[in-house]
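Here the structure is laid out as C-alpha coordinates; the discussion comes afterwards.
Below, chain A is the first sequence line, B the second, and so on; all start at residue 1.
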Protein chains: 2
Amino acid sequence: MPGTLTWQWIAAEARRRIAARLWPPGARIPDEADLAAEFGCARATVNRALRELAAAGLLVRRRKAGSFVAAHPVRKATFEIPVIRQDVEARGLRHGYRLIVAETLPAPAAVQARLGLAPHAPLLHLLALHLADGLPFCIEDRWLNPAIPGVAGADFATVSANEWLVQNRPFSGGGIAFSAQAADPQLAGLLGCTPGAALFVVERETWAGAEPITAVRLTYAPGYSVAATI
Amino acid sequence: MPGTLTWQWIAAEARRRIAARLWPPGARIPDEADLAAEFGCARATVNRALRELAAAGLLVRRRKAGSFVAAHPVRKATFEIPVIRQDVEARGLRHGYRLIVAETLPAPAAVQARLGLAPHAPLLHLLALHLADGLPFCIEDRWLNPAIPGVAGADFATVSANEWLVQNRPFSGGGIAFSAQAADPQLAGLLGCTPGAALFVVERETWAGAEPITAVRLTYAPGYSVAATI
DNA sequence: TAGTGGTCTAGACCACTCA
DNA sequence: GAGTGGTCTAGACCACTAT
(Lines give C-alpha, C1' and ligand atoms only; values in the text may rest on other atoms or scores of the structure.)
Protein backbone atom coordinates (compact mmCIF):
# COMPACT_ATOMS: atom_id res chain seq x y z
CA MET A 1 0.00 0.00 0.00
CA PRO A 2 2.97 2.36 -0.45
CA GLY A 3 3.00 5.49 -2.51
CA THR A 4 2.84 3.83 -5.91
CA LEU A 5 0.64 5.31 -8.54
CA THR A 6 -2.80 4.27 -7.50
CA TRP A 7 -4.48 2.74 -10.50
CA GLN A 8 -1.45 0.67 -11.41
CA TRP A 9 -1.17 -0.54 -7.87
CA ILE A 10 -4.83 -1.51 -7.83
CA ALA A 11 -4.42 -3.35 -11.11
CA ALA A 12 -1.41 -5.21 -9.73
CA GLU A 13 -3.27 -6.07 -6.54
CA ALA A 14 -6.20 -7.40 -8.56
CA ARG A 15 -3.82 -9.55 -10.62
CA ARG A 16 -2.39 -10.91 -7.39
CA ARG A 17 -5.81 -11.83 -6.07
CA ILE A 18 -6.67 -13.57 -9.31
CA ALA A 19 -3.36 -15.45 -9.34
CA ALA A 20 -3.77 -16.41 -5.69
CA ARG A 21 -7.30 -17.70 -6.31
CA LEU A 22 -8.73 -15.25 -3.83
CA TRP A 23 -10.79 -14.35 -6.86
CA PRO A 24 -11.07 -17.71 -8.60
CA PRO A 25 -11.92 -18.16 -12.28
CA GLY A 26 -15.52 -17.37 -13.02
CA ALA A 27 -16.10 -15.67 -9.69
CA ARG A 28 -17.64 -12.30 -9.39
CA ILE A 29 -15.40 -9.69 -7.82
CA PRO A 30 -16.61 -6.81 -5.64
CA ASP A 31 -18.24 -3.69 -7.02
CA GLU A 32 -16.18 -0.80 -8.20
CA ALA A 33 -17.72 1.14 -5.32
CA ASP A 34 -16.75 -1.49 -2.76
CA LEU A 35 -13.21 -1.69 -4.06
CA ALA A 36 -12.92 2.08 -4.04
CA ALA A 37 -13.94 2.04 -0.39
CA GLU A 38 -11.48 -0.74 0.40
CA PHE A 39 -8.58 0.98 -1.32
CA GLY A 40 -9.57 4.41 -0.17
CA CYS A 41 -9.72 5.98 -3.60
CA ALA A 42 -12.26 7.31 -6.07
CA ARG A 43 -14.37 4.90 -8.10
CA ALA A 44 -12.90 6.29 -11.32
CA THR A 45 -9.51 5.06 -10.21
CA VAL A 46 -10.79 1.55 -9.65
CA ASN A 47 -12.57 1.75 -12.98
CA ARG A 48 -9.34 2.64 -14.73
CA ALA A 49 -7.55 -0.32 -13.16
CA LEU A 50 -10.26 -2.86 -13.90
CA ARG A 51 -10.62 -1.59 -17.45
CA GLU A 52 -6.98 -2.47 -18.01
CA LEU A 53 -7.47 -5.99 -16.70
CA ALA A 54 -10.52 -6.42 -18.91
CA ALA A 55 -8.51 -5.26 -21.92
CA ALA A 56 -5.85 -7.80 -20.99
CA GLY A 57 -8.48 -10.53 -20.99
CA LEU A 58 -8.31 -11.27 -17.27
CA LEU A 59 -11.73 -9.87 -16.43
CA VAL A 60 -15.10 -9.85 -18.11
CA ARG A 61 -17.25 -6.90 -17.22
CA ARG A 62 -20.98 -6.69 -17.71
CA ARG A 63 -23.31 -3.89 -16.73
CA LYS A 64 -25.68 -4.71 -13.98
CA ALA A 65 -24.09 -8.15 -13.62
CA GLY A 66 -20.69 -7.08 -12.36
CA SER A 67 -17.07 -7.97 -13.06
CA PHE A 68 -15.99 -11.58 -13.31
CA VAL A 69 -12.65 -13.33 -13.44
CA ALA A 70 -12.34 -14.78 -16.92
CA ALA A 71 -13.03 -18.51 -16.81
CA HIS A 72 -10.62 -19.13 -19.67
CA PRO A 73 -7.95 -16.50 -19.35
CA VAL A 74 -7.46 -15.77 -23.02
CA ARG A 75 -4.18 -13.96 -23.19
CA LYS A 76 -3.60 -11.33 -25.79
CA ALA A 77 -0.42 -10.41 -27.58
CA THR A 78 0.14 -7.15 -29.41
CA PHE A 79 2.45 -7.09 -32.41
CA GLU A 80 3.80 -4.07 -34.15
CA ILE A 81 3.42 -4.00 -37.91
CA PRO A 82 6.33 -1.94 -39.15
CA VAL A 83 6.96 -0.60 -42.60
CA ILE A 84 9.25 -3.09 -44.32
CA ARG A 85 12.05 -0.58 -44.72
CA GLN A 86 12.02 0.11 -41.00
CA ASP A 87 11.90 -3.59 -40.28
CA VAL A 88 15.08 -4.05 -42.27
CA GLU A 89 16.82 -1.02 -40.84
CA ALA A 90 15.91 -2.01 -37.27
CA ARG A 91 18.02 -5.09 -37.88
CA GLY A 92 20.96 -2.87 -38.72
CA LEU A 93 20.77 -3.69 -42.42
CA ARG A 94 20.53 -1.52 -45.49
CA HIS A 95 17.16 -1.59 -47.21
CA GLY A 96 16.83 -2.07 -50.94
CA TYR A 97 13.79 -2.25 -53.17
CA ARG A 98 13.14 -3.50 -56.67
CA LEU A 99 9.84 -3.35 -58.56
CA ILE A 100 9.32 -6.43 -60.68
CA VAL A 101 5.82 -6.20 -62.08
CA ALA A 102 3.30 -3.37 -62.36
CA GLU A 103 0.15 -4.11 -64.31
CA THR A 104 -3.55 -3.40 -64.26
CA LEU A 105 -5.83 -6.38 -64.62
CA PRO A 106 -8.79 -8.11 -63.00
CA ALA A 107 -7.77 -9.57 -59.68
CA PRO A 108 -8.05 -13.26 -58.90
CA ALA A 109 -11.32 -14.27 -57.33
CA ALA A 110 -9.68 -14.80 -53.95
CA VAL A 111 -8.37 -11.24 -53.87
CA GLN A 112 -11.71 -9.85 -55.04
CA ALA A 113 -13.43 -11.71 -52.24
CA ARG A 114 -10.97 -10.48 -49.63
CA LEU A 115 -11.62 -6.91 -50.68
CA GLY A 116 -15.33 -7.32 -51.33
CA LEU A 117 -15.02 -6.11 -54.92
CA ALA A 118 -17.14 -6.86 -57.95
CA PRO A 119 -15.78 -9.61 -60.22
CA HIS A 120 -13.64 -8.45 -63.14
CA ALA A 121 -12.90 -5.11 -61.51
CA PRO A 122 -9.39 -4.20 -62.70
CA LEU A 123 -6.86 -3.59 -59.96
CA LEU A 124 -3.28 -2.42 -59.97
CA HIS A 125 -1.07 -5.40 -59.39
CA LEU A 126 2.44 -4.84 -58.03
CA LEU A 127 5.11 -7.41 -57.42
CA ALA A 128 8.26 -6.18 -55.73
CA LEU A 129 11.27 -7.44 -53.86
CA HIS A 130 12.65 -5.93 -50.68
CA LEU A 131 16.34 -6.43 -49.97
CA ALA A 132 18.39 -6.36 -46.79
CA ASP A 133 22.04 -5.61 -47.39
CA GLY A 134 21.48 -6.69 -50.98
CA LEU A 135 19.96 -10.05 -50.08
CA PRO A 136 16.31 -10.91 -50.67
CA PHE A 137 14.28 -10.12 -47.58
CA CYS A 138 10.63 -10.11 -48.54
CA ILE A 139 8.35 -10.33 -51.56
CA GLU A 140 5.53 -7.81 -51.69
CA ASP A 141 2.67 -9.08 -53.82
CA ARG A 142 0.01 -6.40 -53.77
CA TRP A 143 -3.36 -5.59 -55.34
CA LEU A 144 -4.26 -1.94 -55.14
CA ASN A 145 -7.55 -0.18 -55.69
CA PRO A 146 -6.88 2.20 -58.64
CA ALA A 147 -9.65 4.52 -57.48
CA ILE A 148 -7.49 5.70 -54.60
CA PRO A 149 -6.46 9.33 -55.11
CA GLY A 150 -2.81 9.73 -55.97
CA VAL A 151 -2.23 6.14 -57.07
CA ALA A 152 -2.06 7.12 -60.71
CA GLY A 153 0.71 9.61 -60.08
CA ALA A 154 2.77 7.50 -57.73
CA ASP A 155 6.03 6.00 -58.93
CA PHE A 156 6.16 2.57 -57.42
CA ALA A 157 9.48 1.86 -59.07
CA THR A 158 11.07 4.31 -56.63
CA VAL A 159 8.95 4.05 -53.51
CA SER A 160 7.39 0.79 -52.42
CA ALA A 161 3.61 0.71 -52.30
CA ASN A 162 4.04 -0.37 -48.69
CA GLU A 163 5.69 2.90 -47.84
CA TRP A 164 3.63 5.07 -50.17
CA LEU A 165 0.40 3.88 -48.62
CA VAL A 166 1.61 4.40 -45.07
CA GLN A 167 2.50 7.98 -45.86
CA ASN A 168 -0.42 8.83 -48.13
CA ARG A 169 -3.43 6.64 -47.47
CA PRO A 170 -3.98 5.96 -43.78
CA PHE A 171 -6.43 3.13 -43.36
CA SER A 172 -9.16 2.85 -40.83
CA GLY A 173 -9.27 -0.90 -40.43
CA GLY A 174 -8.55 -4.26 -41.89
CA GLY A 175 -7.33 -7.75 -41.21
CA ILE A 176 -4.04 -9.51 -40.90
CA ALA A 177 -3.11 -13.18 -40.93
CA PHE A 178 0.10 -15.12 -40.39
CA SER A 179 0.77 -18.49 -41.96
CA ALA A 180 3.48 -20.73 -43.38
CA GLN A 181 3.97 -21.69 -47.00
CA ALA A 182 6.45 -23.80 -48.94
CA ALA A 183 8.48 -21.95 -51.55
CA ASP A 184 7.31 -22.71 -55.07
CA PRO A 185 9.88 -22.37 -57.87
CA GLN A 186 8.98 -18.74 -58.58
CA LEU A 187 9.22 -17.69 -54.92
CA ALA A 188 12.43 -19.68 -54.48
CA GLY A 189 13.92 -17.91 -57.46
CA LEU A 190 13.02 -14.46 -56.20
CA LEU A 191 14.09 -15.10 -52.63
CA GLY A 192 17.18 -17.06 -53.50
CA CYS A 193 16.22 -20.05 -51.42
CA THR A 194 15.67 -23.69 -52.19
CA PRO A 195 12.28 -24.71 -53.58
CA GLY A 196 10.19 -26.20 -50.80
CA ALA A 197 11.75 -24.05 -48.07
CA ALA A 198 9.32 -23.03 -45.33
CA LEU A 199 8.44 -19.36 -45.68
CA PHE A 200 6.65 -17.04 -43.30
CA VAL A 201 3.68 -15.30 -44.90
CA VAL A 202 1.75 -12.23 -43.82
CA GLU A 203 -1.52 -11.41 -45.56
CA ARG A 204 -3.18 -8.10 -44.94
CA GLU A 205 -6.22 -6.25 -46.23
CA THR A 206 -6.98 -2.65 -45.44
CA TRP A 207 -9.95 -0.36 -45.83
CA ALA A 208 -10.62 3.34 -45.52
CA GLY A 209 -14.11 3.26 -44.11
CA ALA A 210 -16.09 1.05 -46.48
CA GLU A 211 -13.73 1.46 -49.43
CA PRO A 212 -11.09 -1.21 -49.96
CA ILE A 213 -7.56 0.08 -50.32
CA THR A 214 -5.32 -2.89 -50.85
CA ALA A 215 -4.68 -6.57 -50.30
CA VAL A 216 -1.09 -7.62 -49.88
CA ARG A 217 0.80 -10.84 -49.37
CA LEU A 218 4.27 -10.53 -47.86
CA THR A 219 6.44 -13.62 -48.21
CA TYR A 220 9.62 -13.52 -46.16
CA ALA A 221 12.93 -15.19 -46.82
CA PRO A 222 13.63 -18.24 -44.63
CA GLY A 223 14.42 -17.50 -40.98
CA TYR A 224 12.04 -14.59 -40.53
CA SER A 225 10.00 -14.46 -37.36
CA VAL A 226 7.69 -12.07 -35.59
CA ALA A 227 7.98 -11.55 -31.85
CA ALA A 228 6.03 -9.82 -29.10
CA THR A 229 5.78 -9.66 -25.36
CA ILE A 230 2.72 -10.80 -23.49
CA MET B 1 -20.81 16.72 -33.67
CA PRO B 2 -23.97 14.80 -32.82
CA GLY B 3 -24.68 13.05 -29.57
CA THR B 4 -22.08 10.34 -29.89
CA LEU B 5 -20.11 9.37 -26.83
CA THR B 6 -17.67 12.15 -26.40
CA TRP B 7 -14.26 10.57 -26.07
CA GLN B 8 -14.86 8.21 -28.93
CA TRP B 9 -16.04 11.05 -31.10
CA ILE B 10 -12.96 13.07 -30.23
CA ALA B 11 -10.74 10.10 -31.03
CA ALA B 12 -12.48 9.66 -34.39
CA GLU B 13 -12.16 13.36 -35.14
CA ALA B 14 -8.46 13.27 -34.34
CA ARG B 15 -8.03 10.28 -36.65
CA ARG B 16 -9.79 12.24 -39.38
CA ARG B 17 -7.49 15.21 -38.95
CA ILE B 18 -4.46 12.97 -39.11
CA ALA B 19 -5.75 11.19 -42.20
CA ALA B 20 -6.62 14.49 -43.87
CA ARG B 21 -3.13 15.86 -43.13
CA LEU B 22 -4.60 18.70 -41.12
CA TRP B 23 -2.24 17.25 -38.57
CA PRO B 24 0.58 15.99 -40.77
CA PRO B 25 3.10 13.35 -39.71
CA GLY B 26 5.54 14.66 -37.16
CA ALA B 27 3.50 17.76 -36.42
CA ARG B 28 2.61 18.82 -32.95
CA ILE B 29 -1.10 18.90 -32.24
CA PRO B 30 -2.82 21.33 -29.89
CA ASP B 31 -2.74 21.01 -26.12
CA GLU B 32 -5.22 18.90 -24.29
CA ALA B 33 -6.50 22.12 -22.77
CA ASP B 34 -6.94 23.77 -26.17
CA LEU B 35 -8.72 20.78 -27.59
CA ALA B 36 -10.96 20.59 -24.56
CA ALA B 37 -11.91 24.21 -25.16
CA GLU B 38 -12.48 23.57 -28.87
CA PHE B 39 -14.67 20.53 -28.29
CA GLY B 40 -16.37 21.99 -25.25
CA CYS B 41 -15.54 19.18 -22.90
CA ALA B 42 -13.32 18.45 -19.92
CA ARG B 43 -9.62 17.92 -20.37
CA ALA B 44 -9.92 14.40 -18.95
CA THR B 45 -12.15 13.51 -21.87
CA VAL B 46 -9.60 14.72 -24.39
CA ASN B 47 -6.93 12.88 -22.45
CA ARG B 48 -8.87 9.64 -22.70
CA ALA B 49 -9.24 10.03 -26.46
CA LEU B 50 -5.61 10.91 -27.12
CA ARG B 51 -4.42 8.10 -24.87
CA GLU B 52 -6.25 5.67 -27.14
CA LEU B 53 -4.59 7.09 -30.24
CA ALA B 54 -1.20 6.88 -28.57
CA ALA B 55 -1.86 3.25 -27.66
CA ALA B 56 -2.78 2.64 -31.28
CA GLY B 57 0.54 4.08 -32.39
CA LEU B 58 -0.89 7.13 -34.14
CA LEU B 59 0.38 9.66 -31.63
CA VAL B 60 3.51 10.06 -29.58
CA ARG B 61 3.01 11.94 -26.34
CA ARG B 62 5.74 13.58 -24.30
CA ARG B 63 5.41 15.63 -21.15
CA LYS B 64 6.26 19.24 -21.54
CA ALA B 65 6.82 18.73 -25.27
CA GLY B 66 3.28 17.90 -26.31
CA SER B 67 1.54 15.36 -28.53
CA PHE B 68 2.87 14.61 -32.00
CA VAL B 69 1.52 12.72 -34.97
CA ALA B 70 3.67 9.64 -35.33
CA ALA B 71 6.11 10.14 -38.19
CA HIS B 72 5.98 6.45 -39.03
CA PRO B 73 2.53 5.26 -38.08
CA VAL B 74 3.43 1.86 -36.66
CA ARG B 75 0.22 -0.08 -36.67
CA LYS B 76 -0.44 -2.62 -34.00
CA ALA B 77 -2.36 -5.85 -34.17
CA THR B 78 -3.68 -7.73 -31.18
CA PHE B 79 -3.98 -11.48 -31.34
CA GLU B 80 -5.76 -13.73 -28.92
CA ILE B 81 -3.78 -16.68 -27.66
CA PRO B 82 -6.37 -19.34 -26.94
CA VAL B 83 -5.96 -22.63 -25.13
CA ILE B 84 -5.44 -25.25 -27.81
CA ARG B 85 -8.57 -27.15 -26.91
CA GLN B 86 -10.63 -24.01 -27.35
CA ASP B 87 -8.86 -23.27 -30.59
CA VAL B 88 -9.94 -26.68 -31.90
CA GLU B 89 -13.46 -26.47 -30.57
CA ALA B 90 -13.93 -22.97 -31.97
CA ARG B 91 -13.46 -24.56 -35.37
CA GLY B 92 -16.34 -26.90 -34.62
CA LEU B 93 -14.04 -29.89 -34.19
CA ARG B 94 -13.63 -32.38 -31.38
CA HIS B 95 -10.43 -31.99 -29.42
CA GLY B 96 -8.22 -34.96 -28.63
CA TYR B 97 -4.96 -35.19 -26.75
CA ARG B 98 -2.19 -37.75 -26.49
CA LEU B 99 0.90 -37.56 -24.32
CA ILE B 100 3.92 -39.00 -26.09
CA VAL B 101 6.90 -38.29 -23.87
CA ALA B 102 7.27 -37.19 -20.24
CA GLU B 103 10.77 -37.13 -18.84
CA THR B 104 12.94 -35.09 -16.52
CA LEU B 105 16.32 -34.09 -17.85
CA PRO B 106 18.60 -31.10 -18.39
CA ALA B 107 17.14 -28.85 -21.04
CA PRO B 108 18.98 -27.95 -24.23
CA ALA B 109 21.08 -24.85 -23.97
CA ALA B 110 18.66 -22.88 -26.14
CA VAL B 111 15.78 -23.58 -23.78
CA GLN B 112 17.89 -22.78 -20.73
CA ALA B 113 18.81 -19.48 -22.27
CA ARG B 114 15.20 -18.64 -23.13
CA LEU B 115 14.21 -19.22 -19.52
CA GLY B 116 17.34 -17.77 -17.96
CA LEU B 117 18.11 -20.96 -16.07
CA ALA B 118 21.40 -22.34 -14.86
CA PRO B 119 22.99 -24.93 -17.16
CA HIS B 120 22.22 -28.56 -16.37
CA ALA B 121 19.13 -27.67 -14.36
CA PRO B 122 16.74 -30.58 -14.91
CA LEU B 123 13.36 -29.67 -16.35
CA LEU B 124 10.23 -31.65 -17.02
CA HIS B 125 10.04 -32.29 -20.75
CA LEU B 126 6.65 -33.06 -22.28
CA LEU B 127 5.89 -33.96 -25.86
CA ALA B 128 2.24 -34.25 -26.75
CA LEU B 129 -0.06 -34.28 -29.74
CA HIS B 130 -3.32 -32.38 -30.00
CA LEU B 131 -5.96 -33.78 -32.33
CA ALA B 132 -8.90 -32.21 -34.13
CA ASP B 133 -11.60 -34.72 -35.02
CA GLY B 134 -8.97 -37.41 -34.66
CA LEU B 135 -6.48 -35.78 -37.04
CA PRO B 136 -3.17 -34.27 -35.89
CA PHE B 137 -3.61 -30.60 -35.14
CA CYS B 138 -0.61 -29.43 -33.18
CA ILE B 139 2.49 -30.74 -31.45
CA GLU B 140 3.16 -29.36 -27.99
CA ASP B 141 6.86 -29.58 -27.12
CA ARG B 142 7.25 -28.17 -23.64
CA TRP B 143 9.88 -27.65 -20.96
CA LEU B 144 8.42 -27.06 -17.54
CA ASN B 145 10.02 -25.77 -14.36
CA PRO B 146 9.61 -28.66 -11.86
CA ALA B 147 9.76 -26.23 -8.94
CA ILE B 148 6.28 -25.01 -9.77
CA PRO B 149 3.83 -26.05 -7.05
CA GLY B 150 1.48 -28.77 -8.18
CA VAL B 151 3.50 -29.93 -11.15
CA ALA B 152 4.55 -33.12 -9.38
CA GLY B 153 0.97 -34.14 -8.76
CA ALA B 154 -0.43 -33.23 -12.15
CA ASP B 155 -1.35 -35.98 -14.60
CA PHE B 156 -0.26 -34.70 -17.97
CA ALA B 157 -1.44 -37.89 -19.63
CA THR B 158 -5.01 -36.75 -19.01
CA VAL B 159 -4.81 -32.97 -19.12
CA SER B 160 -2.45 -31.14 -21.44
CA ALA B 161 0.16 -28.99 -19.77
CA ASN B 162 -1.22 -26.19 -21.89
CA GLU B 163 -4.56 -26.43 -20.16
CA TRP B 164 -3.21 -27.31 -16.72
CA LEU B 165 -1.02 -24.23 -16.66
CA VAL B 166 -3.79 -21.92 -17.75
CA GLN B 167 -5.98 -23.14 -14.95
CA ASN B 168 -3.34 -23.47 -12.24
CA ARG B 169 -0.37 -21.22 -12.87
CA PRO B 170 -1.28 -17.82 -14.20
CA PHE B 171 1.77 -16.10 -15.57
CA SER B 172 2.65 -12.47 -15.25
CA GLY B 173 4.60 -12.01 -18.46
CA GLY B 174 6.60 -13.58 -21.22
CA GLY B 175 7.28 -13.59 -24.89
CA ILE B 176 5.79 -15.09 -28.02
CA ALA B 177 7.14 -15.55 -31.53
CA PHE B 178 5.71 -16.81 -34.80
CA SER B 179 7.79 -18.44 -37.50
CA ALA B 180 7.76 -21.06 -40.23
CA GLN B 181 9.63 -24.33 -40.24
CA ALA B 182 9.93 -27.26 -42.61
CA ALA B 183 8.72 -30.59 -41.28
CA ASP B 184 11.57 -32.90 -40.37
CA PRO B 185 10.87 -36.65 -40.48
CA GLN B 186 9.84 -36.82 -36.82
CA LEU B 187 7.43 -33.89 -37.09
CA ALA B 188 6.06 -35.22 -40.35
CA GLY B 189 5.42 -38.58 -38.73
CA LEU B 190 3.61 -37.08 -35.77
CA LEU B 191 1.56 -34.63 -37.81
CA GLY B 192 0.85 -37.02 -40.64
CA CYS B 193 2.19 -34.71 -43.29
CA THR B 194 4.93 -35.01 -45.89
CA PRO B 195 8.48 -34.31 -44.78
CA GLY B 196 9.47 -30.82 -45.84
CA ALA B 197 5.95 -29.43 -45.54
CA ALA B 198 5.83 -25.81 -44.33
CA LEU B 199 4.61 -25.69 -40.74
CA PHE B 200 3.52 -22.76 -38.63
CA VAL B 201 5.40 -22.53 -35.33
CA VAL B 202 4.58 -20.63 -32.15
CA GLU B 203 7.23 -20.33 -29.46
CA ARG B 204 6.31 -18.98 -26.08
CA GLU B 205 8.02 -18.43 -22.75
CA THR B 206 6.23 -17.42 -19.57
CA TRP B 207 7.25 -16.20 -16.15
CA ALA B 208 5.56 -15.64 -12.83
CA GLY B 209 7.38 -12.57 -11.67
CA ALA B 210 11.07 -13.42 -11.93
CA GLU B 211 10.56 -17.19 -11.86
CA PRO B 212 10.41 -19.02 -15.18
CA ILE B 213 7.41 -21.26 -15.65
CA THR B 214 7.70 -22.85 -19.05
CA ALA B 215 9.00 -22.68 -22.58
CA VAL B 216 6.85 -24.25 -25.26
CA ARG B 217 7.03 -24.79 -28.97
CA LEU B 218 3.76 -25.40 -30.76
CA THR B 219 4.07 -26.82 -34.27
CA TYR B 220 0.85 -26.83 -36.23
CA ALA B 221 -0.27 -29.14 -38.99
CA PRO B 222 -0.13 -27.64 -42.50
CA GLY B 223 -2.76 -25.04 -43.25
CA TYR B 224 -2.87 -23.40 -39.83
CA SER B 225 -2.98 -19.64 -39.68
CA VAL B 226 -3.47 -16.94 -37.08
CA ALA B 227 -5.69 -13.96 -37.83
CA ALA B 228 -6.54 -10.65 -36.25
CA THR B 229 -8.18 -7.35 -37.09
CA ILE B 230 -6.27 -4.11 -37.16
C1' DT C 1 -37.09 -1.92 -11.95
C1' DA C 2 -32.86 -1.53 -9.97
C1' DG C 3 -28.00 -2.44 -9.90
C1' DT C 4 -23.78 -2.10 -12.28
C1' DG C 5 -20.36 -0.41 -15.27
C1' DG C 6 -19.44 3.63 -18.71
C1' DT C 7 -18.67 8.12 -19.06
C1' DC C 8 -18.30 13.09 -18.16
C1' DT C 9 -17.07 17.27 -15.28
C1' DA C 10 -14.38 20.84 -12.94
C1' DG C 11 -10.80 21.21 -10.41
C1' DA C 12 -6.38 19.97 -8.50
C1' DC C 13 -1.57 18.39 -7.81
C1' DC C 14 2.38 16.06 -9.49
C1' DA C 15 6.27 14.38 -12.60
C1' DC C 16 8.73 14.87 -16.24
C1' DT C 17 11.47 17.28 -19.47
C1' DC C 18 12.38 20.86 -22.62
C1' DA C 19 14.28 25.43 -23.11
C1' DG D 1 11.71 27.51 -14.52
C1' DA D 2 7.60 26.51 -16.74
C1' DG D 3 4.62 24.00 -19.86
C1' DT D 4 2.64 19.62 -20.75
C1' DG D 5 0.81 15.21 -20.02
C1' DG D 6 -0.45 11.79 -16.08
C1' DT D 7 -3.22 11.06 -12.56
C1' DC D 8 -6.63 11.55 -8.79
C1' DT D 9 -11.09 13.26 -6.69
C1' DA D 10 -16.00 13.71 -5.64
C1' DG D 11 -19.88 13.87 -7.70
C1' DA D 12 -23.20 13.17 -11.32
C1' DC D 13 -25.97 11.14 -15.04
C1' DC D 14 -26.62 7.65 -18.38
C1' DA D 15 -26.93 2.90 -20.73
C1' DC D 16 -27.40 -1.49 -20.44
C1' DT D 17 -29.25 -5.67 -18.70
C1' DA D 18 -30.24 -9.18 -15.15
C1' DT D 19 -33.97 -10.16 -12.37
Between [atom2] on [N] and [atom1] on [X], what's the gap in Å once rounded to a whole number?
X     : N      : atom1 : atom2 : value
B/I29 : D/dG5  : CD1   : C1'   : 11 Å
B/N47 : C/dA10 : CG    : P     : 16 Å
A/R48 : C/dC8  : CZ    : P     : 14 Å
A/L50 : D/dC8  : CG    : P     : 13 Å
B/E52 : C/dT7  : CD    : C1'   : 13 Å

Check your understanding: Among the nucleotides C/dG5, C/dC8, D/dT7, which one has an atom lying closest to any side-chain atom of A/W7?
Key -> D/dT7
In terms of side-chain geometry, is the basic nitrogen of [X] or [Y] positioned less than 4.0 Å from the acidic oxygen of its partner?
X      : Y      : value
B/R75  : A/E80  : no
A/E140 : A/R217 : no
A/R43  : A/E38  : no

Under 4.0 Å from OP1 or OP2 of [N]: is there any side-chain N or O of [X] that close?
X     : N     : answer
B/T45 : C/dT7 : no
A/R51 : C/dG5 : no
A/Q8  : D/dG6 : no

Review point. For DNA chain D, what residues of residues 31-44 of chain B have any heavy atom nearer than 4.0 Å?
Key: B/D31, B/E32, B/R43
Practice item. Compute whether any side-chain donor of one residue and acceptor of the other, for B/N47 and B/E32, lie under 3.5 angstrom apart. Key: yes
**Study point:** Donor-acceptor pair between A/T214 and A/T206 side chains, under 3.5 angstrom
**Key:** no
Check your understanding: Under 6.0 Å between the ring centres of A/W207 and A/F171?
Key -> no
Point to revise | ring pair (Phe, Tyr, Trp, His ring centres under 6.0 Å) partners for B/H130, two or more places apart | key: B/H95, B/Y97
Point to revise | Atom CZ of B/R98: over 12 foreign heavy atoms under 6.0 Å | key: no
Give every pair of a protein N or O atom and an N or O atom of nucleotides 15-19 of chain C that lie under 3.5 Å apart, one pair per line with the distance.
unit_1, atom_1, unit_2, atom_2, d
C/dA15, N3, B/R63, NE, 3.4

Check your understanding: Got a second to check how far B/L218's CG is from B/D141's CG, nearest 0.5 Å?
Key -> 9.0 Å
